[in-house]
Each structure stands twice: as C-alpha cells, then as structure tokens.
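No experiment lies behind these values; they were computed from the predicted model shown.
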Amino acid sequence: MDVRLLVDVGVLTSVVPALVITSRVLVRRPDPVRAADRRVSSPAVWLALVTGLVYVNQVLFTVYVLRVHGGDPSFIARYLPVGWFDLASAHPVLRDLAEHFPAPGLLAPSVLRIQAFLELPFVLLAFGTVVRWLDADLYRRIARSALLPMASVSYTAVFCLVEWDLRNPYTVDDVVIRALSSVVTPLLLAAMAARDTGTTRVPASVPGLLVFIGSLGTLGALVLVVYDTALLYNLGRLDDRLPFALAAAAALLGLRAAASRLPGRSAPTLSFMVHAIRHWLLLFFVPALAIRYGLLFGTPRLALSAAALTAVAACVRAAREMPTGAEQHPRAALRLTARIGCAVLAGAVGAALALRVTPPSYKEVALLTAMGAFLVTGVAVCGLLDRSRRE
C-alpha cells in the first residue's frame, strides 16, 4: 500500500467537501444560549485537561519501561524513526515512583495505545479553542454541523495511515483505538459546545487582531512542545523545553486577559481581515491534519496548494461579505480592493522573510512562523491604510 498516495488522496478528499459544506454552516441561525449552562467550561479548559492526561501517560510509560524493561525502550523504539523515546528515566522522582509502583505490568497500555485515543481530542480541542477565541458563535456552529464528524474521520484516517507507515506490534490495537476515539470524541465535543455560553468575538481593530494572532502563535508553540516532549515519548526533553513552555503559557494567559478588555472599534480593511480569518478557519478545519501530514508523508506541493486554495477561497468569501457600497460608489469598492491587495502582498512578503530566517529543522515551526508573519504584517498594513483613509 502506497502511503504517500493515500495521504495525497486524503488531502484532496478533505478539501473538496469542506469547500462545499462550509457555506451552509454560516447560513444556519445560531441556537439560543441558555443561562443555566454557564457551568460548562470552554474548550481551552478541556484542552488543558487532555494535555495533563497525555503527560500522566508519559510518567506511567516511564515507570513501565523502568520496571518491566529495565529502562531500555528499544523494544518499541526500534520500530519507529529516530527522534522518539528520549526518556527521563534518570530523573530521581520517576525512579522512586517506579520503584514503589505496584503491579507495573498493568501499565502496558501506556505504550502507544493511550496516546492513540488522546491525540484526536487534543488536536480537535486545540482547533476549537482557536475558533472560539475568534468567534464563539462560529465555534458552536461548527460543533453542531457535519464539519465536526468530517474532521474526526479525516484526522483519524491520516493518523491511521501514519500508523501503518510506522508499523509495529501495536499498530492494529492503535488503529482500533483511534477508530473508537473518532466516534466518541465528536459526540463529547458537540455536547460540550452545545452547552457553551461564550459570546466572544475578535474586534476588527489592530489591537484585537494582534492579540488574537499572538494567542494563536503561543498556543501553536505550546502544541509543538507537547508533540515534541509527550506525543513522541520524549519526556527527557521537557527540562530543556520547560522555560520556553512556561514563558509561552504566561504570554498566552496575558493575551487572553487583554482580549477581554479590548475596544470594539472596527475599520473596513481590518473587517475584511476578520472575515477572511473566520472563513479560513472554517475551510481549513477538515483538511488541516491531512495538509500537515501531506508535507511529511505525502506530496508537499499538493499539500501547500490545498492550503493556498483554502486561503484564496476564504479571501473571496470575505470580500463578498464586505459592504462596500459599490452600487452607489463604485470607487469605494475599488479602493477597498486595492487596500486589501496591498495588505495581502505585504503579508506574503513578511511570510517569505520569516521562512528565510527560520531554521528548517521543523516544518511545523517554519509554517507557524510564516503564518504569524503573514497575519501580523497584513494587520499592520490594514491598520495603516485604514488610518490614512480616516485622515
């Protein structure tokens, strides 16, 4: 079975339905939010909980390896690429815990299988958290639409293809567990979102968009740390990554606190940016993971083209929503289009420069940096153009 070809097929089959279905998601009227449901937490809280479970599993896995395999993870490491299983087996706390842990043989499921169940809710909650920061109503619309189960199936299919490409004695168990998670996770997330009472929406202003982009960037950095130290079983790297992770977490908390106090002013070009990001998150939701793994296991050019297609479609849809007054003032529409074009061009230049200065060690880091540079540059140019227009 050609995994590369199947990943490419996954990219195509996830992008096309997303382009068709997403237009219907925004047409539906939002459900009324009931005051009695205020006890329900946001997806960010559940994301933190799932992340905690991922690290608990890492501790249990370390205990299992120390007690059952004498601290040698080669029984599983030999089946997987270099860069996995950098354990913290020398840590005195973990060694003490392993020494006193009863029945360590019961911890065998900590080898790949527990992570196989938790990875899907981890990525879906991370995406849902970002969408809710942008627009809580959009988050609820996605959660009750066909996009959520479609994303669950798309993500799980990609995970299973990667599992098969990295075959090991636990592959069949992992595929079954991932299939189970693909059924359970969207049901739980939909039920959680249906009781969510959030009313957040990013204002179309430079501070509002920069706070959102900063939140997106810091959360993306934290997700990469979790993958590097936990989902790849590299708990031994956590000491080196911890200062960066704590700084990113502190920055994220500060940004989210600032987001609740931002003014609600808006301007035409910045309003376009908000609409474009809203549509892009909607369009990118289903194919996100297929595109990400397409860069690693598929055809990178196809994955990048699919990502570019979602971005272009988002800009086109956002432009259609903009009230330009073209019927009465055709020049107003032309000027707005010119300002948007300048912002997109400046953002592309910023992204290209970011890619040049970012070390290519991790493709995810390079892409996150490029996306952040594109958005920050675009927002800055939009703000300057709107300000000059007012003056």
Side-chain angles (χ1 to χ4, degrees), residues 18 22-23 25-28 30 42-44 127-143 147 198-220 255-256 258-285 288 307-308 310-326 332-333 335-348 350-351 371-390:
T22 48
S23 58
V25 174
L26 294 178
V27 172
R28 296 177 181 175
S42 72
F127 204 104
T129 297
V130 172
V131 174
R132 191 178 183 275
W133 285 341
L134 181 73
D135 188 338
D137 177 57
L138 179 64
Y139 161 70
R140 285 187 291 268
R141 287 170 181 261
I142 290 175
L147 291 178
T199 57
T200 57
R201 176 170 282 192
V202 171
S205 63
V206 172
L209 281 165
L210 290 181
V211 166
F212 171 74
I213 295 167
S215 301
L216 173 62
T218 50
L219 179 63
L255 288 167
R256 299 320 305 158
S260 62
R261 297 190 294 270
L262 290 172
R265 301 178 211 155
S266 64
T269 319
L270 289 168
S271 294
F272 168 81
M273 286 288 295
V274 172
H275 285 298
I277 294 172
R278 187 167 179 255
H279 279 287
W280 180 73
L281 288 175
L282 191 62
L283 289 163
F284 197 64
F285 179 49
T310 62
V312 171
C315 291
V316 171
R317 292 184 180 184
R320 289 175 180 173
E321 291 183 355
M322 295 300 296
T324 60
R335 285 195 295 268
L336 179 59
T337 303
R339 291 199 299 270
I340 291 170
C342 289
V344 172
L345 181 60
M371 182 180 66
F374 176 85
L375 292 173
V376 170
T377 307
V379 167
V381 172
C382 285
L384 290 173
L385 292 173
D386 282 330
R387 183 176 179 180
S388 63
R389 172 182 173 271
R390 287 194 300 268

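- Inter-residue side-chain proximity for T269 and V381 is flagged as unmet; no heavy-atom pair is nearer than 4.5 Å.
- Partners of V312 by side chain to side chain contact (heavy atoms under 4.5 Å, CB included), not counting sequence neighbours, listed by chain and number: V316.
- At a threshold of 4.5 Å between non-hydrogen side-chain atoms, the residues F127 and P43 do not count as touching.
- The two residues A351 and F374 make their nearest non-hydrogen contact at CB-CB, 4.0 Å.
- V206 approaches G383 most closely through the heavy-atom pair CG2-CA, 3.6 Å.
- For the atom pair CD1 (I340) and CE (M273), the distance works out to 10.0 Å, reported to the nearest 0.5 Å.
- Put simply, the side chain of W133 reaches to within 4.5 Å of the side chain of L219, judged on heavy atoms.
- One finds the SG atom of C315 at 12.5 Å from the NE2 atom of H275 (value rounded to the nearest 0.5 Å).
- Side-chain contact between L255 and F212: absent, with no pair of heavy atoms (C-beta onward) separated by less than 4.5 Å.
- One N or O on the side chain of T200 and one on the backbone of R132 form a donor-acceptor pair closer than 3.5 Å.
- Of all heavy-atom pairs between G350 and A373, the closest is O-CB, 3.4 Å.
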Q: Check the pair R256, S215 against side chain to side chain donor-acceptor pair (under 3.5 Å), reporting the backbone distance first and the verdict last.
A: CA-CA 7 Å; R256 299 320 305 158; S215 301; 2.9 Å; yes
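- A heavy-atom distance below 4.5 Å is not found between the side chains of I277 and V202.
- Between I142 atom CD1 and L282 atom CG the span is 5.0 Å, to the nearest 0.5 Å.
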Q.
What verdict does the side chain to side chain contact (heavy atoms under 4.5 Å, CB included) test give for L216 and L375, after you've listed the backbone C-alpha separation in whole Å, the side-chain angles of each residue and the deciding distance to 0.1 Å?
A. CA-CA 11 Å; L216 173 62; L375 292 173; 4.3 Å; yes
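- L270 and V379 make their closest contact through CD2-O, 3.8 Å (heavy atoms, listed as atom of the first residue, atom of the second, distance).
- Here the CG atom belonging to L134 is positioned 13.0 Å from the OG1 atom belonging to T129, to the nearest 0.5 angstrom.
- Annotation for F272 and A319: closest pair CE1-N, 3.7 Å, computed over non-hydrogen atoms.
- Taking all atoms of both residues into account, the shortest heavy-atom contact from L283 to A313 is CD1-CB, 3.8 Å.
- L147 CG to R141 CZ: the interatomic distance, rounded to the nearest 0.5 Å, is 12.0 Å.
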